[in-house]
Structures are given as C-alpha cells and as structure tokens.
*Asks:* 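Sharing a structure with you now.
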Amino acid sequence: MEHLIEFKDIYKIYQMGEETVHALDGVDLTIDQGEFVAIVGQSGSGKSTAMNIIGCLDVPTSGTYHLGGIDVSTMEDDQQAEIRNKMLGFIFQQYNLIPKLNVQENVELPLLYAGVSAEERHERAIRSLERVGLADKRKNLPSQLSGGQQQRVSIARALAGNPSVILADEPTGALDSRTGREVLSFLQKLNAEGDTVVLITHDNSIAVKAKRIVRLQDGRIIYDGDSQDPQAVVQPEETGAADEDDGFAALLVEEVGE
Amino acid sequence: MNFGQSFRLAVKSLMTSKMRSLLTMLGIIIGVAAVIIITSLGNGMQNYMNDQFEEMGSNLVQAQVYLTGSSLDVKADDMYALVEKYPQYLSGVTPYNSIQGTVRQGSDEFKRTSVYGVGETFYNVNKNTIMTGSSLGKGRFLSYVDVEREMAVCVIGSYLEQEAFGGDALGKTLTVSGAPFTVVGVLDQSGDSSEGSSDDCIYIPYTQANRLGGSQWYVLYMFTSTDRSTAAAAKGIVENRLFKAYHDTDYYVVLTSAEMMDAMDSMVNLLMAILTLIAAISLLVGGIGIMNIMLVSVTERTREIGIRKSLGAKGRDIRSQFIIEAGTTSAIGGGIGIVLGIIMANAITNVIALVLGTGNDGFVAMPTLQGIAVAFGVSVAIGILFGYLPANKAAKLNPIDALRYD
Ligand SMILES: Nc1ncnc2c1ncn2[C@@H]1O[C@H](COP(=O)(O)OP(=O)(O)OP(=O)(O)O)[C@@H](O)[C@H]1O
Ligand SMILES: [Mg+2]
C-alpha cells in the first residue's frame, strides 16, 4: 500500500566553510495514515531538519520524499507552499500566532491562503476553535491568552485546513508540565479521531505518549519501533545519559568539575 | 490573497503606531499638499485673468509702440485716422497710459491710486461703460474737446469719491503730481471699493498724461475691433500701419485680447509646471521614506512572514500584502495631503483677498478635480512603486530562516 510519508535515502548536508554537516545522513522512513509518531534525539541530531523536510519547508540535498504519493523533494517554493497549505498543519514550540490578529483571524489564515470564501472561513475557524474549547475567546488577541491557550489556538489553526499530517515541533517546550500534558493528551485525542500526528521532542516522557518512536542520532535513525518497547527510551551509549536534558546537565557538571 | 484583509491589516498597523505612520507619510502629505496648492493657485490665476479679459471684452486689440523720439514715431492722430479708414474692422482707439503720480485732495494723499491717460473713445456711449468694463455712474466721461484742448478734468472711481470727497465729487478738484483736475464724472463701483482696488482710479485726458508722465519709452493704444471675429484682421491692419512707419517689427507689439490671454495662460502654465515638478520631488522623497519604513517593517515582521509562509502563503501573497500596505500608507498620506492642500488653498485665497482688497469676487485659488485626482493617483503609485522592493524582499524570505528569526 501507499505510505502517507515516505523518505528514501534522504540526505541533508550543510556546507559550513571547510566543514560539511550531515544533518540527515541517509534516512529511510515511512509513516502511514493514522499513526502517532514521535521523533526523538539529542540536540543537533537532526530532528528539526527532518521536520522541515516532512513539512515541505525545506528540500533534501539528495533522496526522494513522497507525501501522499506526490514527490515533493524537488518542488519549487510556491508549489511547496500549496502542499503545506493543503496537507500539513504545524504546531510550533513558540505557538507562532500573529500578535496583531485576533484568535479567529489567526485560525483563518490557512483557509485564507487556500482561497476559501469569507463565510466558510469564519464557520470553519469557529468549528476548529470549538474542538480546542476556545470558541469564546475568538475575538481576543493572542497576548490576552495564557501559553496553554495560545498553543491550543495554534492547534486549532493547524486543524482548520483539514491537513493530512499534523506536525508538532516541541509543542510542550514552552509550557509547564501540567499544560504540556493537556496539549499532549489533546494530540492523542486527535490521533484517536484519525489524524496523523508527527511529534518532535527530546523528552522521553513525552515521546512515550506516541504509539511509535523514531530515534535520531547524528542524522541517522538508531531506533524505530513501538513506544512501549523498553529499547525505545534507551539512551545512546556514547553520552550515557537518559535523555538530552540530562546529557546537557552532565556536560555542565563536567565543565564545572574541570 | 485577500485585498480586504491586507487593507485592514495595513490600516491597523498604521493606527497602532500613529507617530511613526505620520512621519512615514509626511513626505507624501507635503508633496500632495504642495501639488494641490500649486494647481489651485494656477487655476485661480487663470480664472482671475480670464475674468479680467472677459470684462475688458474679447474684441480688444492692444498695440504697444516703443518711442524712438524721432520723427518716425506714430502719433495718436495716426491711430485715429486708421480707425476712420477701416470702419468695417476697427470701431475705436484710445491711448491708454498708466502714469506715476501722487494724488492729493486737501491734506489727504492717495498713494495707491492708479492714474491713466486715455482718450474719449475709452468710453462707449452706447453701453455706458469704459473699456475695463466699469460703467459710468455720475456726470460724464472725458470728451473729445477735453482731450484736444488738454483740459484739466478727470473721471474718478467710487472709492476715491467716497474717501476724498465724502460721496459728492462732481465739480470738485484734486491734484495729480501737483496739477489740479476737476472731477467731471464718477464710475460705478466695480470692485469692493477699497484702497488699491479697481475703484481706486483716475482717468485723465492722455494729452494731459503725456505732460505729467514725463518721458515714457512706450505708449499703449487700445483698439476695439467691430466684433470678436474681426479682431485678427484688425490686428493685421494695425501691424501694417506700424510697419509702414518703422520698417522694423522690433518697435511694436500688437496683440488681440485672445492672444494676450493665451500668452498669459501659457506663462502661468509654464510656471505651474515648474512648481509642480518641484513638488513632485517632495513626493519622490516621500516615496523613499515609505520604502525605508517598509524595509524596516519587513525586517521586524520576518517571523510573521515565516508563519504565513508555513501556513501556505505563496511569494505573491506576501508581496501583495506588503504592496497593499505601502499603497494604503501612501493613499492615506495622499488623502491627508489633499485635505491639507485644499485648506491651505482656501487660506491663501483669503490672504490674497485681504492684501489686494479684491473681496470675494477677486482671486480664488480653486482646487481642480484633475489636480486632486492626479495628486492622489501619483501618491498611490509612488507607494506601490517604492513598496515593491521591500515587498519583494519579504516574498523571497526563506520560511525556515524567517520562522527562526526573532
Ligand atoms: N541552516 C543550517 N546551516 C548549517 N548547519 C545547520 C543548519 N541547520 C541545522 N544545521 C546543523 O544540522 C544539525 C541538525 O540540526 P537540527 O536543527 O536538525 O537539530 P535538532 O535535532 O533539531 O536539535 P535541537 O533539539 O537542539 O532542536 C546540527 O548539527 C546543526 O548544527
Ligand atoms: Mg530542533
């Protein structure tokens, strides 16, 4: 059968003067309709790079990427914009709402660029806001909402365009743990309703809420399987840390120790 | 993308930082206001001149003859003879000389009174008006005998009658450059009867004026043609006669009133064109101001651009958003400039009326619809033109870099 997302031997290589960085180093990955996948890894492992390519914000240096059966790896900017508009919904760590627009106008944006009529835009935006329980705040400015509410607005915006994939890059990163859990359970709910969710995180305790975990290290997949498998949360041997935060802490301790 | 939303967004962002918006628009405001004022002045000037010519009549032919002091010089009698010879074209002629002379009555001195030396034909008996359009109110106009005998008589304007004689001037005397003149006629009010206006004047026989005015280097003759349509032929006749006397076209200028009007119009137009060009430079500076602020705005809103792009905005969506914003800014600036320009034009009208003492029927700086339309169109065009570069910069931003920017 056809996969929703299909990476074939994807490389993303950055040339930094003399040095070349393989942000993605030959990644093969498939994600099917209805999955809930967490992409995890240490800082610099290539998670955001992978997410940018999945999200059609960037193109790979080599390899092919099919999204919904379409080869999007060699597309022009405007074609990519159209794919993003029709097939993808983004949830960012910093919510990325436009501060001058009110909640409803923010949620309407993807529909606006899809050329949906004003009436239908309002209607769908309100429906989308109802799903995240914020319809009553639709005339508020983002700055008048709490962080958790803002993230829910950004989820409503991601849902408004009825995308095939919801991409969330560290969606809980800026929230306290309780609101973080709320947002997470919301993503689980969406997935239960049939949406495909790709979640990017460096936090194992969050990753285990997904059904499947893909672990990256130095641009390569080192684990790909069920999130309940104990192997999934095993840290790479090199650092000897449970996750990236601890690794960073260990690094600090090391430096202080010196 | 959606014009309405871009427009509303543009207005919103203009409203949120009013001071900055005002400064951005200042160049456009000044430029547009200047264009409106200049075109209003030009229009007013043309209307004013046209009115003046209209009053004087469209069948006037004016001959300016430079005096050489030799026997070549044509005399007033030669001109009278010409009229008699061509009655089908010429219906009259009079010398018309403005002279410098102080007017006194008793201990009062009238510094701004205009003194003219004219012949009896300056007055049209049938219409009871003089060539400037004013009608005779009391007494009589200068007669053939007055001119021939160099009589010390004069006809005065209504202002002078009021001020110098308390409203009863007939038979009384005033002096011009020390020489006494008896008032034989008073003109009806034609201006607003104030100092320096068209009601502040004295007409004396040109033969008297020649003596008072000292040595002049030219004389003016005002011919009237029998009709508007014979004006051109009348001009030819006068020119022929003058050429016969001087054998050189450098010694005289003959103009019909239509030509005088055209000459004045084209002079005014040229002046306006130059001034408008200068005002246009201000518009250009205004455009650069808009471009500058738009470039800042694009940088400030890099993240917003990234967000929009991630949600599916194409290059052209972003470009049109910023162009609409620049266009809106300059259009609002243009609107303010138009209002300001109209207010200023009105103020100038009032100031001029006050200074010239012409009142409401004098000079009116009238904004033209054309001027307003052009000024507005140009300001919007400048916004779009100068908005294009920043808009294009925004459209070309890479979404990943833009999203990461803060
Ligand atoms: N624009 C770029 N130019 C050069 N190198 C880059 C660029 N973007 C990413 N990289 C490099 O590619 C590698 C992967 O970066 P990436 O941002 O994907 O990491 P990440 O897993 O998202 O890290 P984090 O958890 O800190 O967000 C890093 O070594 C990074 O330095
Ligand atoms: Mg990252």
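Quick note: numbers below take in every heavy atom, side chains included, and nothing from hydrogens, waters or symmetry partners.
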*Asks:* If you measure from CD1 on B:Ile307 to CG on A:Asn106, what distance do you get to the nearest 0.5 Å?
*Replies:* 7.5 Å
*Asks:* Distance check, rounded to the nearest 0.5 Å: A:Asn85 atom CG versus B:Asp317 atom CG?
*Replies:* 9.0 Å
*Asks:* Report yes if some heavy atom in the side chain of B:Arg308 is under 4.5 Å from a heavy atom in the side chain of A:Ile98; otherwise report no.
*Replies:* yes
*Asks:* Would you say CE of B:Met264 has more than 12 non-hydrogen atoms from neighbouring residues, nucleotides or ligands within 6.0 angstrom?
*Replies:* no
*Asks:* Measure A:Asp78 against the heavy atoms of chain B and call it side chain, backbone, both or neither at under 4.5 Å.
*Replies:* both
*Asks:* Take atom NZ in A:Lys100; do more than 12 heavy atoms of anything else shown fall under 6.0 Å from it?
*Replies:* yes
*Asks:* Count the heavy atoms belonging to other residues, nucleotides or ligands that lie under 6.0 Å from CE of A:Met87, then report whether that count exceeds 12.
*Replies:* yes
*Asks:* Other residues, nucleotides and ligands only: do more than 12 of their heavy atoms fall within 6.0 Å of CE on B:Met261?
*Replies:* yes
*Asks:* Could you measure the distance from the CD1 atom of B:Ile400 to the CE atom of A:Met51? Nearest 0.5 Å is fine.
*Replies:* 10.0 Å
*Asks:* When you compare the side chain of B:Pro399 with that of A:Gln80, does any pair of heavy atoms fall below 4.5 Å?
*Replies:* no
*Asks:* Answer with side chain, backbone, both or neither: which region of A:Ile83 has an atom nearer than 4.5 Å to a non-hydrogen atom of chain B?
*Replies:* neither
*Asks:* Which pair of heavy atoms, one from A:Tyr113 and one from B:Gly312, lies closest together, and at what distance?
*Replies:* CB-O, 3.8 Å
*Asks:* Taking atom CD as the centre, does B:Glu300 end up with more than 12 heavy-atom neighbours from other residues, nucleotides or ligands that are less than 6.0 angstrom away?
*Replies:* yes
*Asks:* State the CZ-CD distance between B:Arg404 and A:Gln94, to the nearest 0.5 angstrom.
*Replies:* 13.5 Å
*Asks:* Is the number of heavy atoms from other residues, nucleotides or ligands under 6.0 Å of A:Glu76 CD greater than 12?
*Replies:* no
*Asks:* If you look at every heavy atom in A:Ala81 and B:Ala313, which pair is closest and at what distance?
*Replies:* CB-O, 3.7 Å
*Asks:* If you count every heavy atom of other residues, nucleotides or ligands that lies below 6.0 Å from B:Asp265 atom CG, does the total exceed 12?
*Replies:* yes
